[in-house]
Every structure is written in C-alpha cells, then in structure tokens.
Participant: 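Can you keep this structure in mind? I'll have questions shortly.
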Amino acid sequence: MRPVHLDGSPTALTTLQDAVAAALDGGPAVLPFTDPALRDAMAPDEPAEPGTAVVIATSGSTGAPKGVLLSARALTASAEATHARLGGPGHWLLATPAQYIGGLQVLVRSLLAGTTPVLLPGSGFRPDDFAAAAATLGGSPRYTALVPTQLVRLLDDGGAGLAAAKTFDAIVVGAAATSPALRERAADARVRIVPAYGMSETASGCVYDGVPLDGVRVDVGGDRIRIAGDVLAHGYRLRPDLTAESFSDGWFTTSDRGVRHADGRIEVLGRADDMINTGGVKVSATAIERCLCAQPGVRDACVVGVPDPEWGEAVVALIVPEGAHGDLRAAVRAALGPASTPKRVEFTGALPLRGPGKIDRAAVKARLRAEPGG
C-alpha cells in the first residue's frame with residue numbers, strides 16, 4: 001500500500017492524484033493521510049485487502065476512526081453517477097481535505113472528466129481565498145463540494161466569497177446535514193446547492209437532495225437505512241468482524257434512521273444511536289436539534305445526553321446564537337413535548353468540529369458534563 005502524506009501543498013495533491021490514478025488502473029492501493037498516528041493505525045506495511053484501490057480513514061466523529069476499503073469500481077461508479085446527476089463532467093474546486101472521501105472524490109471526478117482540479121490554498125477556509133481559487137477555475141460546468149460550515153461562511157461573507165459561490169453550476173454540500181434554514185439562505189442568495197447524504201462506505205454522497213444516485217438502492221425499512229449498489233466499499237481495514245457486521249448480501253447497514261416520503265424522497269432522521277433515554281423515555285437528539293435550529297436567533301445546535309442522577313440521562317443543548325432569541329426550552333416543549341425539553345441550554349461561539357466538518361459530539365458531551373450541573 002502506498003501512503004501519501006498530505007501537507008496542504010499543490011505538490012502533495014498532485015502526488016496523491018497520480019497515485020489514485022494508478023490505483024484506479026490496478027496499481028497499489030493508496031492511503032491518504034495528514035496525521036502520522038492515523039497512518040500507523042492503518043498498518044501501511046501490511047498488504048492491502050484484495051480489490052482495494054484506496055483506504056479512507058473515517059473522521060472518528062462518533063468513535064474510533066476505521067479504514068474503509070474502496071475499490072476502483074466503487075470510486076468510479078460514484079464519480080460517474082455524480083456527474084450524471086449534476087449535468088455532466090466538469091471542472092472542480094477542491095475545498096475540503098483530500099484525506100476524507102468528499103475531497104478525494106473531487107480528485108476522482110476530475111480524473112474521469114480529464115480536467116485539473118483547483119486547490120483551495122491555506123489551512124483554513126476563508127471566503128477571499130475561495131473567491132481567488134474560483135477565479136482560476138476555467139471551463140464549464142463548474143462544481144465544488146463543501147461542508148455546511150463553509151457554506152455558512154460564504155453566505156455570511158456577502159462579498160467576493162458569496163459572489164464566487166454564485167458562479168458554480170452546483171455546490172455539493174455534505175459531511176453533515178444541511179438544515180432547512182441553510183437551504184433557504186442559499187436559495188435566497190441564488191447559490192445552487194445540492195445537499196448530499198453519504199459516507200466513506202458509499203464512496204461519498206449517494207443520495208442527492210433526497211434522491212438516490214443512479215445505480216444506488218436505499219432501503220429505509222426497520223430502524224436503519226440500508227444501501228446497495230456499485231458505490232459500496234467492500235469492508236474495513238483489518239476488521240473482518242466489523243465488515244461482517246455492516247456488509248451483508250450486497251447491502252451496507254448504516255447507523256442512520258430514515259423515512260421515505262410519498263414522493264419517493266428519502267429523509268435522514270438522524271443516527272440510530274442519537275436516542276437519549278431520559279427518565280425512561282427515549283427522545284431523538286436530531287429532532288431536538290432541528291427544532292432548535294428552526295428558532296429565530298439560533299445558527300446551530302448540538303444536543304447530547306449527559307449522565308444525571310435523577311433522569312439517567314439529561315437532555316442538554318449547546319447553541320450557537322445569532323442575535324436575539326426567545327425561550328428555546330419552551331419552543332422545544334411546545335413542539336416535541338416535555339421529555340425532549342433540554343434540562344439545560346448553554347451557548348458558544350462555534351461548535352467543535354473534526355474531520356471534514358462534522359460536529360465533534362464527544363467534545364460537546366465532555367464540555368457539557370464539565371459545566372455546573374453537568
């Protein structure tokens with residue numbers, strides 16, 4: 001297996017893209033990484049599992065990172081289906097880390113399109129840098145992939161960054177849920193976004209705006225979403241136990257709950273393990289977060305359960321405010337009932353993130369447990 005260390009430079013990106021191109025053509029499997037500890041955890045000196053083109057480490061936002069085994073078939077099936085849905089092969093701006101599947105797929109899509117991706121410079125995300133990079137992206141159609149936090153910064157910018165965002169034929173938004181409020185803001189600003197649902201195990205987004213990509217099947221029966229199709233990974237690096245647990249008979253069982261609406265669209269309701277058992281009643285953290293984010297004066301929210309001697313688990317919310325807000329606990333009580341009402345609401349300037357832009361729930365829980373009464 002060929003480990004490729006990404007240091008944020010164009011040279012490292014070119015090295016990775018060349019290695020991925022060779023892997024798609026039957027060459028050695030590739031492990032992109034930035035953290036040496038993560039490299040070592042993926043055991044790069046051990047032979048890669050048969051049929052593996054790329055090993056992608058999950059973000060570890062809800063547990064220990066795992067190495068996802070992706071074949072050339074899965075990667076190309078995802079890229080081709082994405083182009084078919086968006087309007088054909090195009091020119092891509094890489095704005096997310098290439099060690100994660102969303103960023104790596106920008107490289108794969110560019111390879112298949114025969115175009116050269118433009119790299120967003122710097123280690124952070126700044127609207128002015130986004131605008132400068134977008135200005136160098138030639139040709140049409142023009143695409144990029146962002147996480148919700150990046151999209152919010154562009155919409156907040158109101159200047160060159162927002163103007164650049166409007167020039168893209170499609171901006172795929174993934175890694176975390178796109179709230180209804182954020183979708184509305186983007187529409188009002190005339191920024192063409194495509195909310196995507198997927199994960200490393202599905203070689204990136206596999207459901208766009210509620211509709212599965214061509215060749216992807218989604219089963220929402222029972223308490224878990226299941227996915228099938230050529231986009232699937234074939235297991236986890238050196239973890240046959242986890243592979244057998246999650247992959248069976250051509251289906252991948254996710255950790256998410258969902259529902260299929262009458263029009264056929266699929267809505268993700270949240271992780272199956274986001275349920276909080278408070279006073280013997282199970283409530284959904286995702287449902288509470290959506291209720292909170294729908295309130296005026298709330299930009300973002302994370303809800304977790306923390307140990308409580310009376311309730312077993314107490315519902316606690318960490319809120320990113322924007323301006324004045326009303327009684328948030330009362331709003332949740334009215335919409336979802338007493339059991340879902342947070343026992344405590346705390347405020348912060350920004351939610352902790354990890355990986356490509358996912359909320360670090362472990363960090364939120366640790367912070368709220370450390371607060372008085374937590």
Participant: Would you say that more than 12 heavy atoms from the other residues, nucleotides or ligands in this model lie under 6.0 Å from the CZ of Arg260, or not?
Facilitator: yes
Participant: Considering only heavy atoms from C-beta outward, does the side chain of Leu13 approach that of Leu107 to under 4.5 Å?
Facilitator: yes
Participant: Testing the basics here: between Cys293 and Ala301, what is the closest heavy-atom pair and its distance to 0.1 Å?
Facilitator: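 Smallest interatomic distance, heavy atoms only, reads SG-N, 3.7 Å.
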Participant: Regarding Arg142 and the six-membered ring of Trp92, is the cationic atom NZ or CZ under 6.0 Å from the ring centre and inside 45° of its axis?
Facilitator: no
Participant: Regarding Glu346 and Arg344, does a basic nitrogen lie under 4.0 Å from an acidic carboxylate oxygen?
Facilitator: yes
Participant: Aromatic contact between Phe247 and Tyr236, with the criterion being ring centroids under 6.0 Å apart: yes or no?
Facilitator: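 That pair passes the under 6.0 Å test.
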Participant: Side-chain heavy atoms nearer than 4.5 Å, only ILVMFWY residues, links allowed to pass through others: does that put Ile266 and Leu232 together?
Facilitator: yes
Participant: Could you measure the distance from the CG atom of Leu69 to the NE2 atom of His234? Nearest 0.5 Å is fine.
Facilitator: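 Answer rounded to 0.5 Å: 4.5 Å.
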Participant: If we only count heavy atoms from C-beta on, is the Pro32 to Leu104 side-chain gap below 4.5 Å?
Facilitator: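 Answer yes - side chains close enough.
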Participant: In a check of side chain to side chain contact (heavy atoms under 4.5 Å, CB included) between Phe125 and each of Thr96, Leu146, Thr149, which one passes?
Facilitator: Leu146
Participant: Between the main-chain N or O of Arg224 and the side-chain N or O of Arg257, is there a donor-acceptor pair closer than 3.5 Å?
Facilitator: no
Participant: Would you please classify the geometry between the His325 ring and the Phe347 ring as parallel, tilted or perpendicular, with 30° and 60° separating the classes?
Facilitator: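 The arrangement is parallel - the two ring planes meet at less than 30°.
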Participant: Can you name the nearest heavy-atom pair linking Gly205 to Ala196, along with the distance?
Facilitator: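 Closest approach of Gly205 to Ala196, heavy atoms only: CA-CB, 4.4 Å.
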Participant: Between Phe33 and His5, is a ring-ring contact (aromatic ring centres under 6.0 Å, His included) present by the stated rule, with each step listed?
Facilitator: CA-CA 5 Å; Phe33 73 97; His5 181 243; 5.1 Å; yes
Participant: For the atom pair CG (Leu75) and CD1 (Ile101), what is the distance rounded to the nearest 0.5 Å?
Facilitator: 5.5 Å
Participant: Provide the closest heavy-atom pair for Pro127 versus Arg153 in the form atom of the first, atom of the second, distance.
Facilitator: CG-O, 3.8 Å
Participant: Give a yes or no on whether the backbone of Met42 and the side-chain of Arg237 come within a donor-acceptor separation of less than 3.5 Å.
Facilitator: yes
Participant: Does Thr76 use its side chain to pair, donor to acceptor, with the backbone of Arg73 at less than 3.5 Å?
Facilitator: yes
Participant: Backbone N or O of Leu351 within a donor-acceptor pair of the Thr348 side chain at under 3.5 Å?
Facilitator: no
Participant: Pairing donors with acceptors under 3.5 angstrom, does anything connect the side chains of Arg290 and Ser284?
Facilitator: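 No, no side-chain donor-acceptor pair sits under 3.5 Å.
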Participant: Would you kindly confirm whether Val4 and Val108 end up in one hydrophobic cluster when ILVMFWY residues are joined by side chain heavy atoms under 4.5 Å apart?
Facilitator: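 Same cluster: Val4 reaches Val108 through Ile, Leu, Val, Met, Phe, Trp or Tyr contacts under 4.5 Å.
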Participant: Can you find a pair of side-chain heavy atoms, one from Asp214 and one from Glu80, that are under 4.5 Å apart?
Facilitator: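 In short, these two side chains do not touch, never coming nearer than 4.5 Å.
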Participant: Going from CG on Leu119 to CG on Leu93, what distance comes out if it is rounded to the nearest 0.5 angstrom?
Facilitator: 8.5 Å
Participant: Check Ser9 against Asp7 and note the closest heavy-atom contact, atom names and distance.
Facilitator: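 Minimum heavy-atom separation between Ser9 and Asp7: OG-OD1, 2.6 Å.
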Participant: Tell me whether Ser200 contacts the main-chain N or O of Val68 through its side chain, where contact means a donor paired with an acceptor under 3.5 Å.
Facilitator: no
Participant: Run through Ile171, Leu154, Thr167 and flag the one making a side chain to side chain contact (heavy atoms under 4.5 Å, CB included) with Val191.
Facilitator: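 Testing each of Ile171, Leu154, Thr167 against Val191, the sole residue satisfying side chain to side chain contact (heavy atoms under 4.5 Å, CB included) is Ile171.
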Participant: Distance-only, no hydrogens or angles: does the Glu289 side chain make a donor-acceptor pair with backbone N or O of Val303 under 3.5 Å?
Facilitator: yes
Participant: Taking all non-hydrogen atoms of both residues, which atom of Ala53 and which atom of Ala72 are closest, and how far apart?
Facilitator: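 What the structure gives for the nearest pair is CB-N, 3.6 Å.
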Participant: With a 4.5 Å limit on heavy-atom distance, are the side chains of Val173 and Pro148 in contact?
Facilitator: yes
Participant: If only atom types and distance count, is the side chain of Arg85 paired as donor or acceptor with the main-chain N or O of Pro212 below 3.5 Å?
Facilitator: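 Answer holds: yes.
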Participant: Is there a side-chain contact between Gln17 and Leu111, using heavy atoms and a 4.5 Å cut-off?
Facilitator: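 Gln17 reaches Leu111 side chain to side chain.
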Participant: Name the residue from Thr178, Asp209, Asp188 that meets the side-chain hydrogen bond (donor to acceptor under 3.5 Å, both in side chains) definition with Arg183.
Facilitator: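 When Thr178, Asp209, Asp188 are each tested with Arg183, the side-chain hydrogen bond (donor to acceptor under 3.5 Å, both in side chains) holds only for Asp209.
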Participant: Given side-chain contact (heavy atoms from CB on, under 4.5 Å), test Val283 with Ile288 step by step and report yes or no.
Facilitator: CA-CA 8 Å; Val283 300; Ile288 301 169; 4.1 Å; yes
Participant: Scan residues 34-46 for pairs that pass side chain to side chain donor-acceptor pair (under 3.5 Å), counting only residues two or more places apart or in two chains.
Facilitator: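 Of all non-adjacent pairs touching residues 34-46, those that pass side chain to side chain donor-acceptor pair (under 3.5 Å) are Thr34-Gln99.
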Participant: Between Arg239 and Asp241, is the closest basic N to carboxylate O distance under 4.0 Å?
Facilitator: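 Arg239 and Asp241: salt-bridged.
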Participant: Is the shortest side-chain N to carboxylate O distance from Arg2 to Asp18 below 4.0 Å?
Facilitator: no
Participant: Do Val194 and Leu86 have side-chain heavy atoms sitting under 4.5 Å apart?
Facilitator: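 Yes, at least one pair of side-chain atoms sits under 4.5 Å.
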Participant: Using 0.5 Å steps for rounding, measure from the OH atom of Tyr143 to the OG atom of Ser110.
Facilitator: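 Result: 11.5 Å between the selected atoms.
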Participant: With no hydrogens and no angle check, is any side-chain donor or acceptor of Thr202 less than 3.5 Å from a backbone partner on Gly198?
Facilitator: no
Participant: Working note: Val281 + Asn277, criterion side-chain contact (heavy atoms from CB on, under 4.5 Å); need CA distance, chi angles, decisive distance, verdict.
Facilitator: CA-CA 5 Å; Val281 179; Asn277 191 335; 5.8 Å; no
Participant: Once rounded to the nearest 0.5 Å, what's the spacing between atom OG1 of Thr278 and atom CG of Asp308?
Facilitator: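 One finds 7.5 Å between OG1 of Thr278 and CG of Asp308.
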Participant: Less than 4.0 Å between a side-chain N and a carboxylate O, is that true for Asp274 and Arg361?
Facilitator: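 Result for this pair is no, no salt bridge flagged.
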Participant: Quick one: pull up OG1 in Thr253 and CD1 in Ile225 and give me the separation to the nearest 0.5 Å.
Facilitator: 11.0 Å
Participant: Ser246 side chain to Thr243 main-chain N or O, any donor-acceptor pair under 3.5 Å?
Facilitator: no
Participant: Which heavy atom of Ala23 sits nearest to which heavy atom of Pro28, and what is that distance?
Facilitator: CB-O, 3.4 Å
Participant: What residues form a side chain to side chain contact (heavy atoms under 4.5 Å, CB included) with Ala29, not counting sequence neighbours?
Facilitator: Met1, Ala48, Thr52
Participant: Please step through side-chain contact (heavy atoms from CB on, under 4.5 Å) for the pair Phe130 and Asp157, ending with a clear verdict.
Facilitator: CA-CA 11 Å; Phe130 179 86; Asp157 173 65; over 6 Å; no
Participant: Gln150 side chain to Ala95 main-chain N or O, any donor-acceptor pair under 3.5 Å?
Facilitator: yes
Participant: Is it possible for you to say whether Leu213 and Val231 belong to one hydrophobic cluster, with membership spreading through side-chain heavy-atom contacts below 4.5 Å?
Facilitator: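 Looking at the clustering, Val231 is in the same group as Leu213.
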Participant: Grouping I, L, V, M, F, W and Y whenever their side-chain heavy atoms are under 4.5 Å apart, do Leu6 and Tyr100 come out in a common cluster?
Facilitator: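 Leu6 does not cluster with Tyr100.
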Participant: Is there a path of hydrophobic side-chain contacts, each under 4.5 Å between heavy atoms of I/L/V/M/F/W/Y residues, joining Val172 to Leu120?
Facilitator: no
Participant: Do Lys343 and Trp311 make a side-chain contact, defined as non-hydrogen atoms from C-beta onward lying under 4.5 Å apart?
Facilitator: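 Yes, close enough: below the 4.5 Å cut-off.
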Participant: Does a donor on one side chain and an acceptor on the other come within less than 3.5 Å for Gln105 and Ser78?
Facilitator: yes
Participant: Within the structure provided, determine whether Arg299 and Asp156 are in side-chain contact (heavy-atom separation under 4.5 Å).
Facilitator: yes
